[in-house]
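Please read the structure below before turning to the comments.
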Amino acid sequence: MYQSDLIIDGIQADKLMALQLEKALSGVKDQALEQASKIGDGATRLMFYTSCFTDNYQDVCAKLKEEDIRFLDGVAQLVKKRDIIYRMIHTYFEEIFRFKTQNQLEAIKASLLKAGVVISASALNNQTFVIGITTTICLGISFNASIIKWTSKASTLAVTGLGLYGTVQHAAESAERLRLMAPMYYNSLYLQKLEMMYFLVEPIFIKARAFESDVVSTIIKMVN
């Protein structure tokens with residue numbers, strides 16, 4: 001998929017290119033602060049690992065190790081299948097539309113059409129509707145912009161191990177937020193080894209208030 005290719009290109013960027021990118025952005029305050037934040041997150045996560053040397057915090061150590069492994073599992077999915085962005089969005093809507101009736105689908109489609117959102121589906125049933133919505137969102141301008149933004153960060157973060165490890169910490173915190181807000185969706189992603197990749201789409205979900213708003217409002221906000 002297009003979005004996943006962008007992420008892979010960013011992760012695989014040559015270190016020299018990453019250094020050049022960092023130099024080019026060195027005068028931009030927001031970028032510098034964000035980089036420093038990621039490095040700080042990486043250092044904090046490494047500090048957490050000191051708990052492994054004490055018997056009282058073995059559960060903390062085990063959790064960190066599992067998150068690291070799950071993050072690598074997610075990256076492996078990204079490299080091998082290159083469609084994880086599509087899959088995460090599809091999984092979300094699959095849960096929502098699983099038990100919708102034909103009349104409900106017609107009403108949702110009509111509401112979307114009024115808002116200028118056209119969902120292309122060969123036949124109006126749950127599965128084709130989910131595919132149509134997922135495709136429309138993944139091709140959306142705002143959605144692609146958020147993925148491209150993360151890709152540029154990945155190249156810069158590759159400069160330091162702490163910065164990159166800060167991304168793991170960020171992914172772990174994002175996955176935990178999802179587990180608390182939407183346990184069923186979290187479990188669906190977990191079964192696909194994708195829960196640690198949720199941070200890639202979290203900004204879109206937050207903007208769309210995906211776990212608070214009605215489905216029509218969520219789709220409109222994700223598309224626009």
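Counting begins at 1 with the first residue of the sequence.
Put simply, the side chain of R87 reaches to within 4.5 Å of the side chain of Q77, judged on heavy atoms. In this structure the side chain of T91 reaches within 4.5 angstrom of the side chain of Q192, judged on heavy atoms. By the 4.5 Å heavy-atom criterion applied to side chains, I133 and Y92 are not counted as neighbours. By the 4.5 Å heavy-atom criterion applied to side chains, P203 and I206 are not counted as neighbours. You'll find the side chain of D68 stays beyond 4.5 Å of the side chain of L72, heavy atoms only. Here the side chains of F97 and V215 are in contact, with some heavy-atom distance below 4.5 Å.
Minimum heavy-atom separation, S213 to A208: OG-O, 3.9 Å. Closest non-hydrogen pair, I89 versus C138, comes out as CG1-SG, 4.4 Å. Summarising the geometry of A171 relative to F199, their closest heavy-atom pair is CB-CD2, 3.6 Å, with the distance given to 0.1 Å. Between I84 and M197, the shortest heavy-atom contact is CD1-CG, 3.8 Å. Contact detail for E94 and V130: the closest heavy-atom pair is N-CG1, 3.9 Å. Residues Q104 and F99 come closest through the heavy atom pair OE1-O, 4.1 Å.
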Next on the checklist: Go through it in stages, so that I can follow the logic: the residues are N187 and L189, the test is side-chain contact (heavy atoms from CB on, under 4.5 Å), and I'd like the CA-CA distance, side-chain angles, deciding distance and then a yes or no.
Outcome noted: CA-CA 5 Å; N187 288 334; L189 293 184; over 6 Å; no
Item to check | Check against side-chain contact (heavy atoms from CB on, under 4.5 Å), Q127 and H90 | outcome: CA-CA 10 Å; Q127 190 57 37; H90 184 277; 3.1 Å; yes
Next on the checklist: Is there a side-chain hydrogen bond (donor to acceptor under 3.5 Å, both in side chains) between T128 and N125? Walk through the geometry before answering.
Outcome noted: CA-CA 6 Å; T128 57; N125 58 52; 3.0 Å; yes
Checklist entry - After noting the C-alpha distance and the side-chain angles of Y185 and F205, does the key distance pass the side-chain contact (heavy atoms from CB on, under 4.5 Å) rule? => result CA-CA 12 Å; Y185 179 48; F205 276 67; 3.7 Å; yes
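I204 CD1 to T218 OG1: the interatomic distance, rounded to the nearest 0.5 Å, is 12.0 Å. Taking CE of M88 as the reference point, atom OG1 of T134 lies at 12.0 Å (rounded to 0.5 Å). To the nearest 0.5 Å, the span separating CG on L178 from CE on M196 amounts to 12.0 Å. Distance check: I219 CD1 to T136 OG1 gives 9.0 Å after rounding to the nearest 0.5 Å. Atom CG of L124 and atom CD1 of I119 lie 10.5 Å apart (nearest 0.5 Å). For the atom pair CD (E95) and OG (S188), the distance works out to 4.0 Å, reported to the nearest 0.5 Å.
Legend: side-chain hydrogen bond (donor to acceptor under 3.5 Å, both in side chains) pairs involving residues 193-205, not counting sequence neighbours, sorted by first then second residue: R70-E195, S174-E202, R177-E202. Listed by first then second residue, pairs satisfying salt bridge (Lys or Arg N to Asp or Glu O under 4.0 Å) with a partner in residues 115-126 number zero, not counting sequence neighbours. For residues 118-139, the set of pairs meeting the salt bridge (Lys or Arg N to Asp or Glu O under 4.0 Å) definition, not counting sequence neighbours, is empty.
Residues meeting the side-chain hydrogen bond (donor to acceptor under 3.5 Å, both in side chains) test with Y186, sequence neighbours left out: none. In this view, F93 satisfies the ring pair (Phe, Tyr, Trp, His ring centres under 6.0 Å) rule with no residue, not counting sequence neighbours.
Of the possible donor and acceptor atoms, one in the side chain of D214 sits under 3.5 Å from a partner among the backbone N and O of S217. With E173 contributing its side chain and V168 its backbone, the two residues share no donor-acceptor pair below 3.5 Å. Without hydrogens or angle criteria, D73 side chain to L194 main chain gives no donor-acceptor distance under 3.5 Å.
Side-chain heavy atoms closer than 4.5 Å link hydrophobic residues (I, L, V, M, F, W, Y) into clusters, and following such links, possibly through other members, connects M181 to V201. Under a hydrophobic clustering in which Ile, Leu, Val, Met, Phe, Trp and Tyr are joined whenever their side-chain heavy atoms come within less than 4.5 Å, directly or via other members, I69 and Y190 fall into different clusters.
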Only distances under 3.5 Å count here; give the side-chain donor-acceptor pairs of residues 105-113 to other protein atoms, sequence neighbours excluded, each with its distance to 0.1 Å.
| unit_1 | atom_1 | unit_2 | atom_2 | d |
| --- | --- | --- | --- | --- |
| S111 | OG | A107 | O | 3.1 |

